[in-house]
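To start, the structure under review is shown below, and the notes come after it.
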There are 2 protein chains.
Amino acid sequence: MGNSIKEAEKYCKENDLKFTPVRRKVLEILLQKNKALGAYEILDLLREAGFKNQPPVAYRALDFLVKNGFAHKIEQLNSFVGCMHPGKDHSPAFMICRNCDFVSEEEAINPSFSVSKIASKAGFKVEKAVIEARGLCHSCASSA
Amino acid sequence: MGNSIKEAEKYCKENDLKFTPVRRKVLEILLQKNKALGAYEILDLLREAGFKNQPPVAYRALDFLVKNGFAHKIEQLNSFVGCMHPGKDHSPAFMICRNCDFVSEEEAINPSFSVSKIASKAGFKVEKAVIEARGLCHSCASSA
DNA sequence: TCCTCCATGATATAACATAACATCTAGGCA
DNA sequence: TGCCTAGATGTTATGTTATATCATGGAGGA
Ligand SMILES: [Zn+2]
Ligand SMILES: [Zn+2]
Ligand SMILES: [Zn+2]
Ligand SMILES: [Zn+2]
């Protein structure tokens with residue numbers, strides 16, 4: 001967790017990317033909350049931390065984090081999570097609990113073998129795959 | 001295509017659902033355009049066809065169509081497509097071309113295959129899976 | 001020094017979606 | 001027939017998510 005920040009810092013240094021205060025803060029927020037957050041929720045937390053709070057502040061930082069693999073967008077929720085496997089070139093699959101809103105990031109083993117298999121039939125060249133499952137997490141399923 | 005309308009009609013009759021003019025028209029629009037359309041684009045087309053054009057008109061019809069499996073929402077695009085495999089209880093996977101915006105719906109063979117395999121490791125009970133690939137369609141990949 | 005690149009500040013607005021309440025209409029049933 | 005009910009539609013307003021645009025600032029190279 002504190003580790004992911006370190007990883008991001010290292011990666012940025014090695015790749016000439018600027019890990020600026022606001023970008024760092026947004027990543028810290030995402031990792032610390034450990035759940036999906038909307039851009040405007042993040043914005044509120046930035047304000048509390050003394051940063052400016054116009055929408056572009058959050059969206060720019062999020063763009064940076066997503067683009068460089070430090071965070072992901074959850075399309076079904078229009079919200080964002082910190083990456084749980086930073087540094088790796090990976091192909092995530094998300095499990096979103098409809099009861100407690102917890103989001104877990106799993107590795108879509110074999111760069112989405114499922115998806116490319118379907119795609120190849122259609123002659124489609126996949127560049128990125130969004131895989132998001134909705135349902136019940138282990139804990140909520142047990143107590144149901 | 002005209003077939004999908006017939007299928008919807010039949011399904012609604014059998015299940016006591018009202019396939020009203022506006023619902024039918026929205027489905028016709030989606031099937032005819034054969035690409036992902038935003039709710040407000042649909043709204044414009046409804047207006048042209050003489051329907052009311054406040055946002056709820058489109059969203060209500062889309063809710064109905066999605067809920068009953070006649071259409072799908074493409075989360076990455078905040079837009080909607082007519083279903084290509086109506087009537088079947090199916091688990092779709094979408095291929096979205098970043099060049100020409102064409103969206104094709106494929107069958108995610110073996111619903112439990114890809115996603116639930118990942119999910120089971122995490123103790124997650126999948127109820128619905130969103131699978132959307134971005135990349136290049138056959139035609140755009142060829143001419144690149 | 002001064003130039004360039006990119007990040008940030010700031011304002012405005014676009015795009016997507018729903019809440020809430022009124023009205024209408026078809027179908028069940030006294 | 002006349003009432004009642006449920007669901008569909010009409011209508012107004014507003015909430016939520018995201019981007020365009022132009023101005024300003026600051027680090028680093030020529
Ligand atoms: Zn990740
Ligand atoms: Zn849960
Ligand atoms: Zn379908
Ligand atoms: Zn294409």
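Note that this is a predicted model, so its numbers are computed, not measured. Letters A, B, ... mirror the listed sequences (proteins, then strands); counts begin at 1. Just so it is clear, the values below take in all heavy atoms, side chains as well, and ignore hydrogens, waters and symmetry mates.
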Looking only at heavy atoms, the pair that brings B/C83 and B/H85 closest together is SG-N, 3.2 Å
Expected string for nucleotides 4-17 of chain C under the B/S/- scheme (protein heavy atoms, under 4.0 Å, primed atoms plus P, OP1, OP2 as sugar-phosphate) is ---SBBBB----BB
Reading DNA chain D 5' to 3', which nucleotide is the first, and which the last, to come under 4.0 Å of any heavy atom in chain B?
D/dA8 to D/dT12
I'd like a table of donor-acceptor pairs (distance under 3.5 Å, sequence neighbours excluded) in which one partner is a side-chain atom from residues 60-73 of chain B, with atom names and distances.
from	atom 1	to	atom 2	distance (Å)
B/N68	ND2	B/F64	O	2.9
B/H72	NE2	B/H90	NE2	3.2
B/H72	NE2	B/E105	OE2	3.2

Note: B/V130 and B/E75 closest approach over all heavy atoms is CG1-CG, 4.2 Å
Does a salt bridge link B/E14 with B/K10, judged by any charged N lying under 4.0 Å from a carboxylate O?
yes
Closest approach of B/I96 and A/F124, non-hydrogen atoms and distance?
O-CZ, 3.2 Å
In this structure, CD1 of B/I42 is separated from OH of B/Y59 (nearest 0.5 Å) by 9.0 Å
Can you measure from SG (A/C140) to CZ (A/R98) and round to the nearest 0.5 angstrom?
8.5 Å
Do you know the tightest heavy-atom contact between B/C97 and B/L136?
SG-CA, 4.0 Å
To the nearest Å, give me how far apart CG (B/D16) and P (C/dA26) are.
16 Å
